[in-house]
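Read through the structure below, which is laid out as structure tokens, and then see the notes.
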Amino acid sequence: MARRTGRRPGNPATRDAILEAARAAFAQRGFDATTIRAIAAEAGVDPALVHHYFGNKDQLFLAAMQAPADPRELLPKVLAGDRDGLGERLVRMFIALWDSPAGTAGVALLRSAVSNEWTARMLREFLTTQVLRRVLDHLDVDPAEVPLRGSLVASQLIGLALMRHVVRLEPVASAAPETLVALIGPTIQRYLTGELPD
């Protein structure tokens, strides 16, 4: 009898227990204060099993919140190129993602975040730790300004997603992506690198 090779299939109940523990931990303590060890303890499993199923904390976080895309795959293209075009590249990537089939999951997450505090916390953590921190760490800005700059960028992008895909406010809802990039990109650029008032 031939022996099977490769990784044994995982136990779905174990994977689900890890995800449930991760969702609770990330929502309560945030991304930075949550450890793989704490999630494993809450799920009643060895930390090695968490790594087996999800790889690392970033991947576990994305799975826990059912993120429609992995910023680690998208942001390198946004961050490549000159500093002055970063705002436009970020808006272009954001619109392309939200206008794609993957954007449907984002719309569901956004709708839920408006009325559910747990989802709102997870969305905040996702934007802060997975997107905005990566963009702002790429820039040479005063660390004391990072929270304000990140919040301003998030307000603009989430406002755009809300008006384009949930409220469907015209003409934003049907505007050509490049029109929105030209209009909103400079505002995002100012939030990222422009002078902030005292």
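From a predicted model like this one, the values you see are computed outputs, not experimental measurements. The first residue of the sequence shown is numbered 1, and numbering continues consecutively from there.
- Among residue pairs with one or both ends in residues 177-198, none qualify as ring-ring contact (aromatic ring centres under 6.0 Å, His included); sequence neighbours excluded.
- Between F61 and F126, the two ring planes are parallel [angle under 30°; tilted spans 30° to 60°].
- Checked by atom type and distance alone, the side chain of R168 never pairs as donor or acceptor with a backbone atom of A173 at under 3.5 Å.
- Put simply, the side chain of L123 does not reach to within 4.5 Å of the side chain of S112, judged on heavy atoms.
- If you take CG on L183 and CG on L160, they are separated by 10.5 Å, rounding to the nearest 0.5 Å.
- A salt bridge is absent between D140 and R83: the closest approach of a Lys/Arg side-chain nitrogen to an acidic carboxylate oxygen does not fall below 4.0 angstrom.
- Between V172 and L180, the closest heavy-atom pair is O-CD1, 4.1 Å.
- In this model, no donor atom of one side chain and acceptor atom of the other lie less than 3.5 Å apart for D46 and H52.
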Can you list the steps and then say if L49 with T14 is a side chain to side chain contact (heavy atoms under 4.5 Å, CB included)? CA-CA 9 Å; L49 264 181; T14 301; 4.0 Å; yes
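- Distance check: R111 CZ to N116 CG gives 15.0 Å after rounding to the nearest 0.5 Å.
- Taking a cutoff of 4.0 Å between a charged side-chain nitrogen and a carboxylate oxygen, R121 and E125 do not qualify as a salt bridge.
- Of the possible donor and acceptor atoms, none in the side chain of T179 sits under 3.5 Å from a partner among the backbone N and O of A175.
- A distance of 7.5 Å separates CG of D70 from CD of Q130, quoted to the nearest 0.5 Å.
- Between T193 and R149, the shortest heavy-atom distance links the atoms N-NH1, 3.5 Å.
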Just do the salt bridge (charged side-chain N to carboxylate O under 4.0 Å, His left out) check on D84 and R89 with the steps written out, would you? CA-CA 10 Å; D84 293 337; R89 291 192 303 274; over 6 Å; no
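- P147 and P143 make their closest contact through CD-O, 3.7 Å (heavy atoms, listed as atom of the first residue, atom of the second, distance).
- Considering only heavy atoms from C-beta on, L19 comes within 4.5 Å of F54 through its side chain.
- Nearest heavy atoms, A17 versus A43: O-CB, 3.7 Å.
- Side-chain contact between V107 and W98: present, with at least one pair of heavy atoms (C-beta onward) separated by less than 4.5 Å.
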E170 and R164: salt bridge (charged side-chain N to carboxylate O under 4.0 Å, His left out), yes or no, with the steps? CA-CA 8 Å; E170 291 294 353; R164 187 166 171 87; over 6 Å; no
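- Salt bridge status for D32 with K57: absent, with no side-chain N to carboxylate O gap under 4.0 Å.
- Between L86 and the choices V91, I188, L139, the side chain to side chain contact (heavy atoms under 4.5 Å, CB included) rule is met once, by L139.
- Here the CD1 atom belonging to I36 is positioned 5.0 Å from the NE2 atom belonging to H51, to the nearest 0.5 angstrom.
- In this structure, L90 and L157 have side chains that are in contact, with non-hydrogen atoms separated by less than 4.5 Å.
- Rounding to the nearest 0.5 Å gives a distance of 5.5 Å between CG of L132 and CG of L127.
- For R29, the salt bridge (Lys or Arg N to Asp or Glu O under 4.0 Å) criterion is met by no residue, not counting sequence neighbours.
- Between L60 and F26 there is a side-chain heavy-atom pair separated by less than 4.5 Å.
- Residues V114 and V167 fall into different hydrophobic clusters, defined by Ile, Leu, Val, Met, Phe, Trp and Tyr side chains chained together at heavy-atom separations under 4.5 Å.
- Atoms CG and CE, from L79 and M93 in turn, are 8.5 Å apart once rounded to the nearest 0.5 Å.
- Side chains of R190 and E195 form no contact here, defined as non-hydrogen atoms less than 4.5 Å apart.
- M122 has its side chain within reach of W118: a pair of non-hydrogen atoms, C-beta onward, lies under 4.5 Å apart.
- Nearest heavy-atom pair, S155 versus L152, reported as atom, atom and distance to 0.1 Å: OG-O, 2.7 Å.
- F94 has its side chain out of reach of V78: every pair of non-hydrogen atoms, C-beta onward, lies at least 4.5 Å apart.
- For the pair A113 and T119, the tightest heavy-atom approach, listed with the atom from each and the gap, is N-CG2, 3.7 Å.
- In this structure, the side chain of Q59 engages the main chain of N56 through a donor-acceptor pair within 3.5 Å.
- Counting heavy-atom neighbours within 6.0 Å of E178 CD, excluding the residue itself, gives a total above 12.
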